[in-house]
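Letters A, B, ... are given to chains in the order of the sequence lines, protein chains preceding strands, and every chain is numbered from 1. Since we're looking at a predicted model, the values are computed, not measured.
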Protein chains: 2
Amino acid sequence: MKQKITLKHIARELEVSISTVSKALKNSEEISRDTKEKIQAFAKLYNYKPNNIAISLKNKRTKNIGVIIPDIVHHFFTTVFRGIEKFANTKGYNVIVCVSDESFDKEVINMEILANGSVDGFIMSLSSETQLKNDYNHLKELIEQGIPLVLFDRVTDAVECDKVLINDKDGAYRAVKKLLENGRKKIALVATEDYLSVSKNRSDGYFQALKEQNIKIDKNLILRLPSMNSVEGNEMEEFFKNEKIDAVLCVNEIYAIHGMRIAQRLGYKIPEDIEFIGFTDGILSKFSNPTLTSVAQHGEKMGEIAAEMLIEKIEIENDVETYRTEVLEPTIMERESTIN
Amino acid sequence: MKQKITLKHIARELEVSISTVSKALKNSEEISRDTKEKIQAFAKLYNYKPNNIAISLKNKRTKNIGVIIPDIVHHFFTTVFRGIEKFANTKGYNVIVCVSDESFDKEVINMEILANGSVDGFIMSLSSETQLKNDYNHLKELIEQGIPLVLFDRVTDAVECDKVLINDKDGAYRAVKKLLENGRKKIALVATEDYLSVSKNRSDGYFQALKEQNIKIDKNLILRLPSMNSVEGNEMEEFFKNEKIDAVLCVNEIYAIHGMRIAQRLGYKIPEDIEFIGFTDGILSKFSNPTLTSVAQHGEKMGEIAAEMLIEKIEIENDVETYRTEVLEPTIMERESTIN
DNA sequence: TTGTAGGCGTTATCAT
DNA sequence: ATGATAACGCCTACAA
């Protein structure tokens, strides 16, 4: 096992000083051609690579960025992550990921651990518990300490920092408008609890589209499910049985796919009898049967922008206290679950 | 903006030495009660937290582990990652992820960057290009340097290190056997090119099951597609049109879902006329229509084991050169696409 | 009980 | 052209 070699080793071996080695490897003009060649050859031979940790300590820059997301096994976050990773890599940054698992405590702990020198800044999406508790002191402290932060998707007005999100309200609005234009009268909404910012915004878009057409909101056409990822229980089945519905907007893919299956089982033809639009244009939308029309959130783009914002803040000299909020427009991907 | 506070700041402020502060904060017996209380109170007040980078430099331990995977937007890898992350966190480790994007070069570069002090060890799954080139020098050098490595899923015999994988061959074997027991005669295989270790192993399982029943391998029943993630082109459609097939084993979910749609379009009834079994028991299998019987790879478990193996190697004192290979048994998740 | 000094690996400044 | 020294923040063996 050949140990990692350091400047010190090289210096000792070649009987020069450490600083000479350091300079020689940086091709400094100060060092004679001969010495440089000798040192560089030796370094190459022993595959010398500077120690990142030492450099980080010296520069007070780690070239790492911390990403905290609620869930990694979730297509949307994964997509954003890819955007972050790609952009970060081109700028020479590595990405440390922590998963909050939708837990406030984990979010705080992860942040504290990484904030002690491990990363130069954070990109994160709030856990649902954090949004529920409405407690953002950990974020505020971060900013107090001058550590840059970019929030994406699940953001909050309570914290001043850079943000990237999609216009969820407009996405829902346009989706519902499309359904109305297709002549649908009884448009249902399947959402989660409102403390999740995105679900709330999507609901608002739904309300707005209906109001514009002077359609009264029918509470019976709105189903709120507890968890984002599960469709256990038969609330949805009851819902479809009890209500006459001719179109559905779901705040995520899973609800939509699940809804379509129930509708099909109940004898509905999609899209003739009932149309479906989901959010999160992920893998399920593309491969479901029928394929699902859905509101694309441009996760990868979002990740790139977040990374770009963060790195800009990290690398800027004087810390100007000016923050941007970038709002992306969603795109409706039309597929078989609607009449196009 | 309140700057991060260091031992030095505290020492200067309280007019004691740095080492006194250091000891006091560690509750050392050497320091008087009074001094300790004073220092601890001050530290708490200013929210002192030791700098991770300095500690890493001192201890030559980063408490970071590097994970290099071919693709993050892929349910299986994501699942493994979750297992790694969970286990690592319980042991106080953070995870730095790099994505090789199925590229050899990126894999090497990512590894080199992280190997220079940023992580204590690696968990990785080989990129397809690496498996194709069959070049593992970067891994061998890593091991030479005494940096622990655990390979998972896409592994190679060419490198001696810890490994976790599932018994792909047996999974395929059992899947095909099940189809045979259901009376199927013309069982097709949809796979990728053989240089991907997992695809090869799954093919082998398919062959074995058929041979055992003295069924001759019919090359026309085997379709090999180029990319793992795409189903562009109509090779599969042609395949289903030209061959009489009554069952299909696909080496991944996407092929299976896509195949089912084509079969349905061609008038087949699933599972009556044709049965389907896929690999990678992901989200598509659960939500497709019909739901897909598939071979579960226990990704999360795999991640946990990989992390456990790695951390054990990292924390062991003397480097014993003994390596384990853990083989997980896959589970066939029976759903609607087969007769159960 | 407290403080000094040296070192982890690197770089930058200031001698020689 | 080369080297000594200090510093990044922390820890610890060894003085005092």
Side-chain angles (χ1 to χ4, degrees), chain A residues 3-40 42-43 46-64 113-120 145-147, chain B residues 3-40 42-43 46-64 113-120 145-147:
Chain A
Q3 260 295 327
K4 272 263 140 184
I5 194 171
T6 69
L7 291 183
K8 200 196 234 180
H9 294 136
I10 302 180
R12 200 183 296 142
E13 214 60 35
L14 298 182
E15 300 185 296
V16 289
S17 76
I18 293 178
S19 43
T20 303
V21 178
S22 174
K23 285 171 188 164
L25 292 177
K26 294 205 127 48
N27 235 321
S28 161
E29 290 305 315
E30 293 180 33
I31 308 297
S32 75
R33 173 173 285 281
D34 274 10
T35 320
K36 275 200 287 198
E37 278 174 2
K38 188 177 61 176
I39 292 174
Q40 286 171 3
F42 189 91
Y46 285 93
N47 193 29
Y48 169 80
K49 294 277 170 47
N51 179 312
N52 293 328
I53 298 292
I55 292 177
S56 293
L57 181 59
K58 182 115 245 284
N59 298 344
K60 291 157 159 263
R61 280 282 175 83
T62 62
K63 284 272 185 175
N64 286 156
I113 292 173
L114 296 185
N116 295 314
S118 300
V119 301
D120 298 336
Q145 290 173 36
I147 300 177
Chain B
Q3 260 296 328
K4 272 261 142 184
I5 195 172
T6 69
L7 291 184
K8 199 196 235 181
H9 293 135
I10 302 180
R12 200 183 294 143
E13 214 60 35
L14 298 181
E15 298 184 300
V16 289
S17 78
I18 293 176
S19 57
T20 303
V21 178
S22 174
K23 287 170 187 164
L25 292 178
K26 293 202 128 51
N27 235 321
S28 161
E29 291 304 317
E30 294 180 28
I31 308 296
S32 74
R33 171 174 286 282
D34 275 10
T35 320
K36 275 201 286 198
E37 278 174 1
K38 188 177 63 177
I39 291 175
Q40 286 171 3
F42 189 92
Y46 285 93
N47 192 31
Y48 170 79
K49 294 277 167 50
N51 179 311
N52 292 330
I53 298 292
I55 291 176
S56 293
L57 182 59
K58 179 116 247 283
N59 297 345
K60 291 156 159 264
R61 280 285 175 82
T62 61
K63 284 271 185 179
N64 288 155
I113 293 173
L114 295 184
N116 295 314
S118 300
V119 301
D120 298 336
Q145 290 171 36
I147 301 176

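Across all non-hydrogen atoms, the minimal contact from B:Ser118 to B:Thr62 is O-OG1, 3.5 Å. Smallest separation of non-hydrogen atoms from A:Lys4 and A:His9: O-CE1, 3.7 Å. Considering all non-hydrogen atoms of both residues, B:Thr35 and B:Ser32 come closest at OG1-OG, 2.6 Å.
Nearest nucleotide to the side chain of B:Glu30, out of D:dG9, C:dG3, D:dG3: C:dG3. Nearest to the side chain of B:Ser32, among D:dT2, C:dT2, C:dT10, sits C:dT2. Ranking C:dT10, D:dA1, D:dC10 by closeness to the A:Pro50 side chain, first place goes to C:dT10.
Straight-line distance from the CD1 atom of B:Ile39 to the C1' atom of C:dG3: 12 Å, rounded to whole Å. C:dG7 atom C1' lies 15 Å from atom NZ of A:Lys58, rounded to whole Å. Spacing between atom NZ of B:Lys8 and atom P of D:dA7 amounts to 6 Å, rounded to whole angstrom units. At whole-Å resolution of the value, CD1 in B:Ile31 and C1' in C:dG3 are 9 Å apart. Spacing between atom CG of A:Asn116 and atom P of D:dC8 amounts to 18 Å, rounded to whole angstrom units. The interatomic distance linking B:Leu14 (CG) with C:dT2 (P) rounds to 12 Å, in whole Å. Put simply, CZ on B:Arg61 is 14 Å from P on C:dG9, counting in whole angstrom units. In this structure, NZ of B:Lys49 is placed 17 Å from C1' of D:dC10, rounded to the nearest angstrom.
Among the protein residues, B:Thr35 comes within range of the sugar-phosphate backbone only, with heavy atoms under 4.0 Å from sugar or phosphate atoms but none that close to a base. The residue B:Ile55 sits close only to the backbone: its heavy atoms come under 4.0 Å of sugar-phosphate atoms, none of a base.
With the nearest nucleotide of DNA chain C identified for both B:Ile18 and B:Leu57, B:Ile18 has the one nearer the 5' end.
Between the B:Gln40 side chain and the B:Ala24 main chain, a donor and an acceptor come within less than 3.5 Å of each other. A:Asn52 places no side-chain N or O within 3.5 Å of a backbone atom of B:Leu114 that could act as its donor or acceptor partner. Using modelled atom types, one side-chain atom of A:Lys36 and one backbone atom of A:Ser28 make a donor-acceptor pair closer than 3.5 Å. Not a single donor-acceptor pair under 3.5 Å links the side chain of A:Asn116 to the backbone N or O of B:Pro50.
Within the 4.0 Å cut-off from OP1 or OP2 of D:dA7, not a single side-chain nitrogen or oxygen of A:Lys60 is found. The phosphate of C:dT10 has OP1 or OP2 within less than 4.0 Å of a side-chain N or O from A:Tyr48.
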Stepwise side chain to side chain contact (heavy atoms under 4.5 Å, CB included) check, A:Thr20 with A:Ile31 = CA-CA 7 Å; A:Thr20 303; A:Ile31 308 297; 3.9 Å; yes
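Two end axes, each from the C1' atoms of five base pairs, can be drawn for the helix from C:dT1-D:dA16 to C:dT16-D:dA1; they diverge by 70°, to 10 degrees.
Interface residues of residues 19-29 of chain B facing DNA chain D, ordered by number: B:Ser19, B:Ser22, B:Lys23, B:Lys26; criterion, heavy-atom separation under 4.0 Å.
In this structure the side chain of A:Leu14 reaches within 4.5 angstrom of the side chain of A:Ile39, judged on heavy atoms.
Annotation: B:Phe42, atom CZ; neighbour count of heavy atoms from other residues, nucleotides and ligands within 6.0 Å is above 12.
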